[in-house]
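Please read the structure below before turning to the comments.
Start at 1 with the first residue, then count along the sequence.
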Amino acid sequence: MSEEHRETGTGWPQPAEPGRPSGPAGEPDPRPDAPDPDELSPLAPAGEPPVEREDVPAPAEEPGAVVSPRPEPEPAPEPEGPEPEGPEPEARPERVSVSRRLTSAGAMIAVLLALLGFTLVVQLKTTSTDPTLAATREEDLVRISSDLDARERRLRQDIEALEDSQRQLRSGEQGRQAALEEATRRADELGILAGTLPAVGPGLEVEFRGPEKATSSTRILDAVQELRGAGAEAMQIQGADGTAVRVIASTYFVDGSGGGLVVDGRRLSAPYTILVIGDPATMRTALNIPGGVVSTVREAGGNVTSEDREVVEVSQLHAPIKLDHARPVS
C-alpha cells in the first residue's frame, strides 16, 4: 500500500483524512496539539460539544482490528418527587435588617392603635356617664348651647379685630403710622378725661339759680353725677364772676363758710353755670327725670335751665395729678 493510505484492519486501503498524519492504527497522534479522534468521528452528533473525559490510557489494539467510536455516556435520570430537604442557605444581611425594621414598625403601629382605642373608650365612657349633663333639663341645655355660641361669636370678632390691628402694626411704614395715630388718639382721650387738654363738641349749658339751699354743694354734685351717667365726656363749672374749674373724677364740692361753693379749693359764687360736652338730648332727659335734679332744685325754691349748644368749649384745664401709690400693671 502507498503512504497515502492507512491500514483499516480489513485489508482495504482508505484515503487518509486531510490534516491528520498517517500512522499505525489505534495509536494516538504524537503531536501535542492534535485533535481528539472522537471529535473527528463521523458518528458524533452534530452541534453537540465534545464530552470531556479524563485521560485514561486506551487499551492496546491488535493490528488489523477495527477501530470503533466510543459510546457516549447516557445522562443520569433526574430523580422524581420533591427534592430532599437540606439546610437552607443563610439569609443575606440586608434582608435580615429589612425584616427587623418591618417587625419594629409593625410593633410600633400596634402600640399606637392600642393607645388610640383606649383613649376613645375612656372618652366615650366619660361623656356617657357625666352626671351633670344627664341631670340637666333640655331647656337648660339649649340655653347653655346658645350662650356658648354667643360667646364664640364675640371671641371670633375680638380675634378678627386683634388680627387686623396686628397686620396694620406689622406692615412697615403703614404700621408705624397706624401705631402713632392710635397712640395719639389714646393720649387725647386720656388728656380730656384727666382735664389736661381742652375739648370742644356738642352739648348743654346748664344754669342753677336760687337760694343757697337750692344751689348747695349737694344739688350741684347730684347734677354732675346725673350728667356723667348720661354720657358726659367733659365739663367745667363757673361762677358769676367768671371763675371756672375743670370737673374731673377727683373734683370735690363743699359749701363755703360765707356762702357760695368751694370746688377743688377754689371759691365760686352763684349763679353757677355748667358747660358739658355730650349728647344733648340724653343729658337733658337725665336732668328732668321725675324726682331728679330739676325737681329737687325747684322744690327748694331754685330754678334750673338747660340750653342745647352745637359747639361747647371746655377750655379750663386741671393740673396733672401726681400719683404717689398707684402704678400701672405690667
Side-chain angles (χ1 to χ4, degrees), residues 187-326:
D188 292 341
E189 292 179 355
L190 294 176
I192 292 173
L193 293 176
T196 57
L197 291 177
V200 61
L204 289 177
E205 180 179 345
V206 184
E207 186 178 27
F208 293 82
R209 293 181 176 273
E212 293 182 1
K213 183 179 179 181
T215 59
S216 63
S217 59
T218 304
R219 304 288 187 271
I220 302 299
L221 180 59
D222 289 343
V224 169
Q225 297 292 354
E226 289 288 351
L227 293 172
R228 283 176 176 170
E233 297 174 356
M235 69 180 75
Q236 70 181 30
I237 183 172
Q238 62 186 24
D241 58 354
T243 304
V245 178
R246 183 71 171 266
V247 179
I248 61 174
S250 61
T251 301
Y252 64 89
F253 299 87
V254 179
D255 293 328
S257 57
L261 291 177
V262 177
V263 182
D264 280 350
R266 303 186 65 177
R267 181 178 292 273
L268 304 179
S269 57
Y272 311 109
T273 303
I274 297 178
L275 300 177
V276 54
I277 297 175
D279 182 40
T282 304
M283 293 187 295
R284 185 173 59 254
T285 302
L287 293 175
N288 288 277
I289 60 174
V293 175
V294 175
S295 299
T296 55
V297 170
R298 288 177 179 176
E299 289 177 359
N303 188 25
V304 178
T305 59
S306 59
E307 183 178 354
D308 294 359
R309 294 285 184 90
E310 294 182 359
V311 178
V312 174
E313 294 184 5
V314 177
S315 57
Q316 190 66 28
L317 303 181
H318 194 283
I321 300 175
K322 182 181 179 182
L323 302 177
D324 296 329
H325 305 285

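Gln236 CD to Thr273 OG1: the interatomic distance, rounded to the nearest 0.5 Å, is 10.0 Å. The line from CG of Leu261 to CZ of Arg219 is 12.0 Å long, rounded to the nearest 0.5 Å. To the nearest 0.5 angstrom, Asp255 atom CG is 3.5 Å from Ser217 atom OG. Note that CG of Leu221 is 7.0 Å distant from OG1 of Thr218, once rounded to the nearest 0.5 Å. A distance of 6.5 Å separates CG in Leu287 from OG in Ser306, rounded to the nearest 0.5 Å. Summarising the geometry, atom CE belonging to Met283 is positioned 12.5 Å from atom CG belonging to Asn288; distances are rounded to the nearest 0.5 Å.
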Check against side chain to side chain contact (heavy atoms under 4.5 Å, CB included), Leu197 and Asp188: CA-CA 7 Å; Leu197 291 177; Asp188 292 341; 3.9 Å; yes
Side chain to side chain contact (heavy atoms under 4.5 Å, CB included) for Gln238 and Ile274? Distances and angles first, verdict last. CA-CA 7 Å; Gln238 62 186 24; Ile274 297 178; over 6 Å; no
Candidate pair Arg267 and Ser257, rule side chain to side chain contact (heavy atoms under 4.5 Å, CB included), full reasoning: CA-CA 10 Å; Arg267 181 178 292 273; Ser257 57; 4.0 Å; yes
Pair Val206-Thr305, side chain to side chain contact (heavy atoms under 4.5 Å, CB included): steps then yes or no: CA-CA 6 Å; Val206 184; Thr305 59; over 6 Å; no
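Val200 has its side chain out of reach of Val312: every pair of non-hydrogen atoms, C-beta onward, lies at least 4.5 Å apart. Between Asp222 and Val224, the closest side-chain pair of non-hydrogen atoms is not below 4.5 Å. A heavy-atom distance below 4.5 Å is not found between the side chains of Ile277 and Met235. Residues Val314 and Pro198 fail the side-chain proximity criterion, which asks for heavy atoms closer than 4.5 Å. Contact of the Ser250 side chain with the Ile321 side chain is registered, since non-hydrogen atoms from C-beta on lie closer than 4.5 Å. Counting heavy atoms from C-beta outward, Leu275 and Ile237 have side chains that stay 4.5 Å or more apart.
The backbone N or O of Ala281 lies less than 3.5 Å from a partner atom in the side chain of Thr285, making a donor-acceptor pair. When atom types are taken as modelled, the side chain of Thr282 and the backbone of Asp279 share no donor-acceptor pair closer than 3.5 angstrom. Of the possible donor and acceptor atoms, one in the side chain of Thr196 sits under 3.5 Å from a partner among the backbone N and O of Gly191. For Glu307 (side chain) and Glu205 (main-chain N/O), no donor-acceptor pair under 3.5 Å exists by modelled atom type.
Residue Glu233 comes nearest to Ile192 through the heavy atom pair O-CG2, 4.0 Å, listed as atom of the first residue, atom of the second, then distance. The shortest non-hydrogen separation linking Gly260 to Tyr272 is CA-OH, 3.2 Å. Considering all non-hydrogen atoms of both residues, Ala199 and Ala234 come closest at CB-CB, 4.1 Å. Nearest heavy atoms, Asp264 versus Arg246: OD2-O, 4.1 Å. Minimum heavy-atom separation, Arg284 to Leu204: N-CD1, 3.7 Å. Of all heavy-atom pairs between Leu268 and Thr243, the closest is CD2-O, 3.2 Å.
Salt bridge Arg209/Glu207: present, at least one basic N to carboxylate O contact under 4.0 Å.
The environment of Gln316 atom CD is dense: over 12 non-hydrogen atoms of other residues, nucleotides or ligands sit within 6.0 angstrom.
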